[in-house]
Amino acid sequence: MPLYYERPLELTHGEGRHVWDAEGNRYLDFFGGILTTMTAHALPEVARAVAEQAGRLVHGSTLYLNRPMVELAERIAELSGIPDARVFFTASGTEAVDTALLLATAHRRSNQVLAMRNAYHGRSFSAVGVTGNRGWSPTSLSPLHTLYVHGGVRTRGPFAGLGDAEFIDACVADLRDLLAQTRGGVAALIAEPVQGVGGFTSGPDGLFAAFRDVLAEEGILWISDEVQTGWGRTGDHFWGWQAHAANGPPDLLTFAKGIGNGMSVGGVVGRAEVMNCLDAHSLSTFGGSQVTMAAGLANLDHLLAHDLPGNARRVGAALIERLRAATADTGLVREVRGRGLMIGVDLVRPGTDQPFPRAATLALEAARERGVLVGRGGAPGGNVLRIAPPLSLTAAEAEEGAAALVSALRAVAADPALVPPAAGR
């Protein structure tokens, strides 16, 4: 298990958008525990809900009626946009993806699955089997027969030079060609609307709507992996799939991370026909525990009452433009991309289009020195800085973080040790 930083950081407490380490240093949190602290650190409403529920009952299992679980399931089903939806709670995003794959393959009676190149879906055996990023694929063995399609990365690859409409057409043609070479029926396409670990990349809006038209011809299911994009993080929409919504919601939607604001909550929401297809017992011991459901309900109430998706849209758009303008002349930044508070800063060797993981390592350290914590992702080795603060980030905090990041990137760009950079470093 890797740790960030040459001197690993021990976090001891947090408040709002800030955290403190064991040495008393204060940081602006621009990564939110890998997009998990959705609203704020130590949010009073969530802390109070957890404490009150823990004082009554922490866990009772899904073998008994569980009012907080039912209430949260009803809320999520309504918010999902999926007609006649059913919800199954898990303890993590990986388990949610695993459940969705189980449901799709059982419903379609096929272990063939389509996934996106550069995708990441978790660390379980089946989730690794649909992960298209070699840096997060420790084995090629899998219970699934996975076929990878184009479309997750807009500005690299064989279709990068095309306009949006032509890009979508080329990806659809690739999908049709792939399906023409399969036998026995494909169960599902699983895709992140914005690829998280892949470096916050995405295809043009409408891509998955076009894919779904093709999938529907053969009854193939669409699974939208919303573990990182859900709950309004992209700002424009509550779910990432809604950017592709011309022909309706996905058949299955996975969620986790932000809904628990740090508590272990994940799950699947989908069409009743698919969710009810299993003919054997299936449960998640820790999925839907009373205390995590109480946290989820309180966190969701706060998110909606304070229109944090709207805040993500406004503050995120300003932050993206600020970073683009301030880093355009560094030679190190190829692209600042994203939507809402899901932003990637793609670093390359100056004068080339070659990913530069070493620069990202140094930028991560330099940002920490300036009081800001960010994440990493992208091509194997991680050449993309990932910015995903709590959705309550203020405009002043966004400016503070941007100034620190720009300063960090300029310091890295001026580092004589990187000129010329060593191969593969």
Side-chain angles (χ1 to χ4, degrees), residues 35-36 38 69 72-108 113-116 119-122 124 126-127 130 152 187-196 202-203 205-209 211-212 215-216 220-234 236-260 265-278 284 287-288 296 299-300 303-304 309 340 342:
L35 292 85
T36 300
M38 179 170 69
M69 182 174 68
L72 186 55
E74 289 176 341
R75 298 281 299 279
I76 292 173
E78 181 180 2
L79 288 166
S80 74
I82 299 173
D84 193 26
R86 301 289 187 273
V87 178
F88 180 85
F89 287 109
T90 66
S92 71
T94 288
E95 190 189 349
V97 166
D98 193 75
T99 302
L101 292 169
L102 169 66
L103 288 164
T105 54
H107 181 71
R108 291 278 292 160
V113 175
L114 302 175
M116 306 299 293
Y120 173 81
H121 294 288
S124 70
S126 65
V130 293
L189 165 71
I190 183 167
E192 307 157 271
V194 178
Q195 294 183 330
S202 64
D205 288 357
L207 174 67
F208 294 114
F211 275 5
R212 182 163 193 175
L215 301 177
I220 299 169
L221 304 179
W222 170 26
I223 304 169
S224 185
D225 183 348
E226 302 273 356
V227 169
Q228 296 196 35
T229 50
W231 319 109
R233 177 160 288 281
T234 65
D236 294 333
H237 306 286
F238 196 78
W239 304 105
W241 70 260
Q242 290 172 307
H244 307 270
N247 54 0
D251 300 288
L252 294 167
L253 179 157
T254 62
F255 60 86
K257 288 192 181 288
I259 184 60
V265 183
V268 181
V269 54
R271 293 193 291 113
E273 175 190 5
V274 181
M275 297 292 287
N276 294 336
C277 76
L278 301 184
S284 172
N299 197 41
L300 183 59
L303 176 88
L304 296 174
M342 198 173 188

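Sequence positions, counted from 1, serve as the residue numbers for this chain.
For E78, there are no salt bridge (charged side-chain N to carboxylate O under 4.0 Å, His left out) partners two or more places apart in sequence or in a different chain.
Looking at heavy atoms from C-beta onward, V269 lies out of side-chain contact with L252 at the 4.5 angstrom threshold. Counting heavy atoms from C-beta on, the side chains of Y120 and Q195 never come closer than 4.5 Å. Between R271 and L221, the closest side-chain pair of non-hydrogen atoms falls below 4.5 Å. For the pair L72 and V87, the minimum side-chain heavy-atom distance is 4.5 Å or more. Taking 4.5 Å as the limit, some side-chain heavy atom of V113 sits within range of a side-chain heavy atom of T105. In this structure the side chain of M342 reaches within 4.5 angstrom of the side chain of T229, judged on heavy atoms. Side chains of W241 and F208 form no contact here, defined as non-hydrogen atoms less than 4.5 Å apart. Residues D225 and V97 are in side-chain contact: their nearest non-hydrogen atoms beyond the backbone lie under 4.5 Å apart.
Pairing each heavy atom of A256 with each of S92, the nearest pair is CB-C, 4.0 Å. Contact detail for I220 and R108: the closest heavy-atom pair is CG1-NH2, 3.8 Å. Scanning all heavy atoms of the two residues, the minimum distance from I82 to D251 falls at CD1-O, 4.3 Å. When all heavy atoms of G267 and A96 are compared, the pair lying nearest together is O-CB, 3.3 Å. Shown here for M116 and L189, the closest heavy-atom pair between the two residues is SD-CD1, 4.1 Å. Looking at every heavy atom in both residues, A85 comes nearest to A77 through CB-CB, 4.0 Å.
The CD atom of E192 sits 6.5 Å away from the CD atom of Q228 when rounded to the nearest 0.5 Å. Taken from OG in S80 to CD in E226, the straight-line distance is 10.5 Å, to the nearest 0.5 Å. How far CD1 of I76 is from CG of L300: 7.0 Å, rounded to the nearest 0.5 Å. S126 OG to L101 CG: the interatomic distance, rounded to the nearest 0.5 Å, is 5.0 Å. From T254, atom OG1 reaches atom NE2 of H121 across 8.5 Å, with rounding to the nearest 0.5 Å. To the nearest 0.5 Å, atom OG of residue S224 and atom NE2 of residue H244 are 8.0 Å apart.
With ring centers used as reference points, W239 lies 6.0 Å or more from F255.
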Going through the distances and angles, do S284 and E95 end up as a side chain to side chain contact (heavy atoms under 4.5 Å, CB included)?
CA-CA 9 Å; S284 172; E95 190 189 349; 2.9 Å; yes

If you apply the rule side chain to side chain contact (heavy atoms under 4.5 Å, CB included), what do you find for V130 with L114, and how did you get there?
CA-CA 8 Å; V130 293; L114 302 175; over 6 Å; no

Step-by-step side chain to side chain contact (heavy atoms under 4.5 Å, CB included) determination, F89 to V268
CA-CA 7 Å; F89 287 109; V268 181; over 6 Å; no

Determine, step by step, whether D84 and R86 satisfy the side chain to side chain contact (heavy atoms under 4.5 Å, CB included) criterion, reporting the C-alpha distance in whole Å, the side-chain angles of both residues, the deciding distance to 0.1 Å, and the verdict.
CA-CA 7 Å; D84 193 26; R86 301 289 187 273; 2.9 Å; yes

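Remark: the backbone N or O of T94 is not paired with any side-chain donor or acceptor of D98 at under 3.5 angstrom.
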